[in-house]
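One structure is given below, encoded as structure tokens.
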2 protein chains.
Amino acid sequence: MPATPRPPLVHPDASSLSLVAVLHALADPTRLTIVRTLRADPERACGTFPVSVAPSTLSHHFRVLREAGVIRQRDEGNRRWTTLRLADLDARFPGLIDAVLATPPDE
Amino acid sequence: MPATPRPPLVHPDASSLSLVAVLHALADPTRLTIVRTLRADPERACGTFPVSVAPSTLSHHFRVLREAGVIRQRDEGNRRWTTLRLADLDARFPGLIDAVLATPPDE
DNA sequence: CCTTACCTTCGACGACCATCGAAAGAGCCG
DNA sequence: CGGCTCTTTCGATGGTCGTCGAAGGTAAGG
């Protein structure tokens, strides 16, 4: 039995993003840390984020962000690379992600 | 026993608003309708919002918005008037509330 | 004083959420 | 093949959320 390849990641279209879903995805401290980290470093592997939660919990947060359209992920070998969908977000909700990212942490 | 007057409403300072709390307050369809209605009409009584939930549920949503610093409420006679804290929000999170309000409903 | 209007609080209920550990899949390398 | 790394899925758990109805309290007016 041949090994099945990784199932392709699903990402919502840029034009179909839901405001409530995006706001909900951003309304969590851990996910906000992920988004802020991604702004500084455009592409990171999953295991390299400065968050203190279990790997399975981190995977859950990536799924929430991905299904809301906040991040895009692609597989390369053993790693899953993550990027911010900055242009898509700004086209759909102009100024929103900039306003969120302009606020420093711990405030 | 004399009747006790209405307890004063508590509102967080403009400088102490939490980004996560504001995003969470906005990440709900009913509360988003309240905020959008308030943009068109600067001051409304609680019972005059075009939402289809029970009065007790509406009261709950007002509390979430008020404690996050999104709205301000004042009592006058029997009615409770609600306003958007637009200036406070824009001073604390520049562009955020504008970006949210720029997105039309049902999108 | 009694009634009506307005809004809130309380208690309850079902749904969802953030979190974890255990297990497993896919890829890479010796 | 065998082991190691990276990441996900599954099941469970404790907590929070949105919702409602019932009850209550304040205000205004007959």
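All values below come from the heavy atoms of this structure, side chains included, with hydrogens, waters and symmetry mates left out. Numbers restart at 1 for each chain; the letters A, B, ... are given by sequence-line order, proteins then strands.
- Side-chain atoms of B:T82 and B:Q73 include a donor-acceptor pair closer than 3.5 Å.
- Distances were taken from every side-chain heavy atom of B:T57 (C-beta onward) to each of D:dC20, C:dT19, C:dC7; the shortest belongs to D:dC20.
- Against DNA chain D, the stretch residues 69-78 of chain B makes heavy-atom approaches under 4.0 Å through B:G77, B:N78.
- In terms of position on DNA chain C, the residue among A:R31 and B:A45 whose nearest nucleotide sits closer to the 5' end is B:A45.
- Rounding to whole angstrom units, CD of residue A:E67 and P of C:dA18 are separated by 12 Å.
- Among the nucleotides C:dC6, D:dT7, D:dC20, the one closest to the side chain of A:R79 is D:dT7.
- Between the C1' atom of C:dA18 and the CG atom of A:L58 lies a distance of 12 Å, rounded to the nearest Å.
- With B:L23 as the partner, the side chain to side chain contact (heavy atoms under 4.5 Å, CB included) test is satisfied by one option alone out of A:D28, A:V22, A:L26: A:L26.
- More than 12 heavy atoms of other residues, nucleotides or ligands lie within 6.0 Å of CZ in B:R44, so this atom counts as buried by the packing criterion.
- Among the protein residues, A:V64 comes within range of no part of the nucleic acid, since none of its heavy atoms lies under 4.0 Å from any strand.
- Closest of all the heavy-atom pairs between A:L89 and A:G69 is CD2-O, 4.0 Å.
- When rounded to the nearest whole Å, the span between NE2 of B:H60 and P of D:dT16 equals 13 Å.
- Using a cutoff of 4.0 Å between basic side-chain nitrogens and carboxylate oxygens, A:E43 and A:R79 are not scored as salt-bridged.
- Rounded to whole Å, atom P of C:dC16 lies 18 Å from atom CG of A:D28.
- For A:S59, a side-chain nitrogen or oxygen approaches OP1 or OP2 of D:dT8 to under 4.0 Å.
- At the phosphate of D:dT8, OP1 or OP2 sits under 4.0 Å from a side-chain N or O atom of A:R80.
- The interatomic distance linking B:H24 (NE2) with C:dC16 (P) rounds to 15 Å, in whole Å.
- Atom CZ of A:R31 is separated from atom NE2 of A:H60 by 5.5 Å, given to the nearest 0.5 angstrom.
- A:H61 comes within 4.0 angstrom of the backbone, heavy atoms only, and of no base.
- Position along DNA chain D of the nearest nucleotide to B:S56 versus A:P55 favours A:P55 as the more 5'-ward residue.
- For the atom pair CG of A:D98 and OG1 of A:T103, the computed distance is 11.0 Å after rounding to the nearest 0.5 Å.
- Atom-to-atom, CZ of A:R44 to C1' of D:dC6 comes out at 16 Å; the value is rounded to the nearest Å.
- Between the CZ atom of B:F62 and the C1' atom of D:dG18 there is a distance of 15 Å, rounded to whole Å.
- Between the CH2 atom of B:W81 and the P atom of C:dC6 there is a distance of 11 Å, given to the nearest Å.
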